[in-house]
Amino acid sequence: MWWGVGAALVANLLYSVGFVLEKRALGALPALSAGRPVRVVVTLVTSPSWLVGAVALAAGFGAQLVVYRTLPIAAAQGIFVSGLVLLLLLSSAVLGERPTGRERRALGAVLVALLMVVASVREEDEVVGGEAPWGLVLLVSVPTLVTGVALYAQVERRARRRHRVPTNGIGYGVAVGLLYGVSSLAVKGAAGRLTGGGAGEVARALLGSPYPYLLLFTAGAGLVMSQTALQRCRASLLVPVCTTVTALFTAVAGTPVFGERLPEDPLPLFLRVAGTALALSVLLAMPRHDAPPPAGPLTLPAGRDVLYNPRLRLSYPIVDGIPQLLPSSGLRVSAEEHERYTGAAEA
C-alpha cells in the first residue's frame with residue numbers, strides 16, 4: 001500500500017510541474033479555440049516549452065497506473081487532490097497568480113474534505129478492485145462524456161457573447177474534470193489488466209476492453225479543451241476545480257463500479273461521506289464570475305493575438321477577435337517578454 005502512496009506523491013509533483021510549465025508556454029502561443037482542434041494540436045506540439053510540460057504530465061500518468069494497482073480508488077483521489085497545495089505554490093512563484101481570499105478559503109476547505117476521505121481508509125479493511133463489467137463502465141462513462149462536452153460547449157457560447165457576464169473558468173474546470181474522471185476510471189480498468197501473461201496476452205486483453213478507446217477519446221478531447229481553457233484562465237483556479245471534480249466523480253462512481261465497498265465502521269464511513277459532501281458543497285458555492293479587470297493602459301503588440309498591460313505586466317489573449325479581459329485570463333509575463341511586447345507596441 002505504501003508503494004501506492006509514494007507513487008501518488010510522485011504523480012502529484014509531476015502533474016503540478018507539468019500544468020505550470022504548460023500554462024507558462026501557452027502565454028507565448030497564439031490564442032487557441034476548441035472549435036479548431038487540429039490547429040490547437042499543431043500549435044501545441046510545435047512548441048518545445050509546452051512539450052516539456054506535456055512530458056511531465058505523461059510521466060505522472062505512468063505513476064498513476066502504479067497507484068491504481070495498489071490503492072483503493074477513494075484513497076487515491078484524496079492523495080491526488082492534496083497535490084493542489086504544491087500547484088498553488090508553483091502557480092504563485094512561477095506564474096505570479098494570486099487567488100482571491102474567498103478562493104483560498106474554498107480550496108482550504110476542499111483540502112480538509114479530502115483529508116477526511118484519506119483518514120477514512122483502513123488498510124486492513126480496504127479491497128482494491130481490478131475488474132468491472134464493461135456494460136456498467138460504459139453506462140457510467142458515456143453519459144458523463146456527453147455531459148462534459150455539452151457543458152464545455154455551453155461555456156464557450158457564453159464566453160463569445162459580446163455583453164456577457166465575465167466568467168472565471170469554473171464551468172471549464174467542471175467540464176474537463178468530468179472527462180478526466182472517465183479517464184481515471186479507464187486508467188483503473190487498464191491497470192487491472194496489466195498483470196499476468198506475456199505482452200501479447202496483455203495487449204489482447206486491453207484491446208478487447210473499452211478502456212483504451214475511452215483513454216483515446218478523453219486524451220484527445222481533454223487535450224484540446226483543457227489547453228484552450230488553461231490559456232484563458234488562471235491555473236490556480238482552473239486546475240483545482242478540474243481536479244476536485246475528477247476526484248469526486250472517480251471516488252463516487254468508481255467505488256461501486258469496481259466493487260470496492262464503503263467502510264463498515266461508522267467513523268470511517270462518516271469521514272468518507274462527509275468529506276465528499278463537503279468538497280462538493282464548496283465547489284457549488286464557489287463564485288462563477290470574476291470582478292472587472294484592473295484598470296490600466298492596454299497596448300496591441302504587432303503580430304501578437306494579445307492585449308498587453310505594461311504597468312501590470314499582464315497579457316490578455318484575443319480569441320476569435322474578442323479580447324479576454326478578465327482577471328483570470330491575464331498572464332504575467334517575464335522581463336524578456338515584457339521587452340518584446342513593449343517594443344512591438346512602440347513599433
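Heavy-atom basis, side chains included; hydrogens, waters and symmetry copies ignored.
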Rounded distance (nearest 0.5 Å) linking atom OG of Ser16 with atom CG of Leu90: 6.0 Å
Heavy-atom closest contact (Ala7 atom, Ala63 atom, distance): O-CB, 3.7 Å
Neighbour count >12 (heavy atoms, 6.0 Å) for atom CZ, Phe270: no
same_hphob_cluster(Val10, Val239) at 4.5 Å side-chain heavy-atom cutoff: no
Common cluster, Leu278/Leu267, ILVMFWY with side-chain heavy-atom separation under 4.5 Å: yes
For Gly53 against Leu21, the heavy-atom pair lying closest together: CA-CB, 3.8 Å
For Thr250, all residues meeting side-chain contact (heavy atoms from CB on, under 4.5 Å), sequence neighbours excluded: Tyr68, Ile73, Gln77, Ser184, Leu185, Thr246
Donor-acceptor side-chain pairing of Ser226 and Tyr180 below 3.5 angstrom: yes
Reported CG-to-CD distance for the pair Leu223 and Glu22, which is rounded to 0.5 angstrom: 8.0 Å
Taking every non-hydrogen atom, the tightest pair across Val252 and Pro256: O-CD, 3.1 Å
Contact check, side chains of Val176 and Leu230, non-hydrogen atoms, under 4.5 Å: no
Approximate separation, where rounding is to 0.5 Å, of Arg232 CZ and Glu156 CD: 4.5 Å
Spacing of CZ belonging to Phe217 relative to CG belonging to Leu179, to within rounding of 0.5 Å: 6.0 Å
Joint cluster assignment, Leu29 & Val45, ILVMFWY side-chain distance < 4.5 Å: yes
Min side-chain heavy-atom separation Leu44-Val224 under 4.5 Å: no
Spacing of CZ belonging to Phe249 relative to OG1 belonging to Thr144, to within rounding of 0.5 Å: 3.5 Å
Val137 side chain reached by Tyr211 side chain, heavy atoms, under 4.5 Å: yes
Donor-acceptor contact below 3.5 Å, side chain Gln231 vs main chain Ser33: no
Flag side-chain contact, heavy atom, 4.5 Å: Thr228 against Tyr152: yes
Heavy-atom side-chain contact between Leu145 and Leu178 under 4.5 Å: no
Heavy-atom closest pair, residues Gly171 and Leu151: O-CD2, 3.9 Å
Side chains of Val142 and Val182 in contact at under 4.5 Å (non-hydrogen atoms): no
Cluster check Val42, Val52: I/L/V/M/F/W/Y, side chain < 4.5 angstrom: no
Shortest non-hydrogen contact from Thr46 toward Pro48: O-CD, 3.4 Å
For the student: nearest non-hydrogen atoms of Leu26 and Gln227, plus distance: CD1-OE1, 3.4 Å
Nearest-0.5 Å distance, CG of residue Leu14 to CD of residue Gln64: 11.5 Å
Cluster link Leu215 to Leu136, ILVMFWY, side chain under 4.5 Å: yes
